[in-house]
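Beneath this line is the structure, given in structure tokens, with notes to follow.
Any value given below was found using the heavy atoms of this structure, including those in side chains, with hydrogens, waters and symmetry copies removed. Below, chains carry the letters A, B, ... as their sequence lines are ordered, and counting in each starts from 1.
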Protein chains: 2
Amino acid sequence: MQAIENLPPCPVETTLLLMGDKWKVLIVRDLLSGTKRFGELKKSLNGISQKVLTSHLRTMEKNGLITRKVYAQVPPKVEYTLTEVGQSLKQVHDAMLDWGKNYQHQCNTTIN
Amino acid sequence: MQAIENLPPCPVETTLLLMGDKWKVLIVRDLLSGTKRFGELKKSLNGISQKVLTSHLRTMEKNGLITRKVYAQVPPKVEYTLTEVGQSLKQVHDAMLDWGKNYQHQCNTTIN
DNA sequence: CAGAATCCGTTAGGATACTG
DNA sequence: CAGTATCCTAACGGATTCTG
């Protein structure tokens with residue numbers, strides 16, 4: 001793997017380089033529940049275009065975050081799965097999930 | 001607080017809305033070590049322009065993540081501090097930090 | 001179905017100059 | 001020092017069309 005030549009010294013910046021993107025985070029969110037086909041991802045990622053989805057999937061594959069499996073059949077079937085490294089993003093995802101919940105709660109209680 | 005009208009139902013998307021930005025994450029990283037002045041932030045955020053830094057600080061303030069304290073003196077002195085909600089982003093930050101470290105390590109060992 | 005290839009508009013963000 | 005005000009460009013991403 002490793003498409004990126006020089007990783008930033010700061011680990012946080014490294015993470016941002018690989019995941020510092022709205023769509024990538026949401027792709028991980030959707031793949032954390034299991035392998036998905038291209039069409040399924042496109043649907044659950046409400047609003048993304050195939051072009052953008054494809055390009056993100058490609059770079060995430062190069063970076064070793066996901067695996068792309070093509071079935072030789074017509075019509076085509078392509079499945080995307082998180083690699084082990086990709087799976088480990090669950091921690092980051094969960095932290096964002098928890099924080100988002102709390103923030104939403106804060107807003108609801110603060111509004112009064 | 002709450003500058004955002006309709007928070008997305010998905011907590012992850014809520015987080016992305018407030019923190020799904022390279023610079024904001026790095027601002028939080030720098031403020032987690034304590035209150036900082038505008039100039040200090042600009043310096044440690046290597047490469048950011050004042051315009052962008054200012055605008056991000058403003059929206060983060062509106063969103064209740066940071067506090068802005070202006071000292072009535074010449075030359076001006078402005079300090080930025082994480083609010084309690086902002087502090088709670090430490091969990092997200094730390095998750096990103098850990099993951100980045102691991103990824104960097106993966107790369108170094110995989111290169112052989 | 002899963003894309004590749006174009007075209008195109010918006011805009012995030014950098015550079016610069018000025019100010020209280 | 002900590003901004004505000006402009007100007008300007010790269011590029012992200014949406015829409016559309018076509019194909020194996």
Between NZ of A:K42 and P of C:dG3 the distance, given in whole Å, is 12 Å

CA sep, side-chain torsions, deciding dist, call: A:Y80, A:L31, side chain to side chain contact (heavy atoms under 4.5 Å, CB included): CA-CA 8 Å; A:Y80 292 92; A:L31 289 184; 4.3 Å; yes

* To do: State, yes or no, whether a side-chain contact exists between B:T14 and A:M96 at a heavy-atom distance under 4.5 Å.
  => no

Let me check something: do B:V70 and B:I66 share a hydrophobic cluster, defined by ILVMFWY side-chain heavy atoms less than 4.5 Å apart, either directly or through other members? yes

Self-check item: Phosphate OP1/OP2 of C:dA4: any A:R58 side-chain N/O under 4.0 Å
Solution: yes

Is any side-chain N or O of A:R37 closer than 4.0 Å to OP1 or OP2 of C:dC1?
no

### Message
Need one value for A:Y71: base, sugar-phosphate or nothing, where a base atom within 4.0 Å counts as base even if backbone is also close, heavy atoms only.
### Response
nothing

B:L57 atom CG is separated from D:dT4 atom P, nearest whole Å, by 10 Å

A:K69 atom NZ is separated from C:dA2 atom P, nearest whole Å, by 15 Å

When rounded to whole Å, the CZ to C1' distance for the pair B:F38 and C:dT19 reads 14 Å

Rounded to whole Å, the CD-C1' distance (A:E79 to C:dC1) equals 13 Å

For this session: Kindly indicate whether the side chain of B:K69, heavy atoms from C-beta on, has any atom under 4.5 Å from the side chain of B:T81.
Result: no

**Asked** Any ion pair linking B:R68 and B:E79 (charged N to carboxylate O, less than 4.0 Å)?
**Response** no

Separation of D:dC12 atom P from B:K22 atom NZ, nearest Å, is 12 Å

The residue, B:E40 or A:P75, whose nearest nucleotide of DNA chain D is more 5′ is B:E40

Exercise for review: Kindly say if B:H56 contacts the phosphate of C:dA12, meaning a side-chain N or O under 4.0 Å from OP1 or OP2.
Suggested key: no

Are the charged groups of B:R29 and A:E13 less than 4.0 angstrom apart, N to O? yes

Residues in residues 44-54 of chain B with a heavy atom under 4.0 Å of DNA chain C, by number, are B:S49, B:Q50, B:K51, B:V52

Between OH of B:Y80 and P of D:dC1 the distance, given in whole Å, is 15 Å

Taken to the nearest whole Å, NZ/A:K77 to P/C:dC1 is 13 Å

* **Verdict with supporting geometry, B:K22 and B:L26, side chain to side chain contact (heavy atoms under 4.5 Å, CB included)** => CA-CA 6 Å; B:K22 172 193 171 187; B:L26 295 180; 4.2 Å; yes

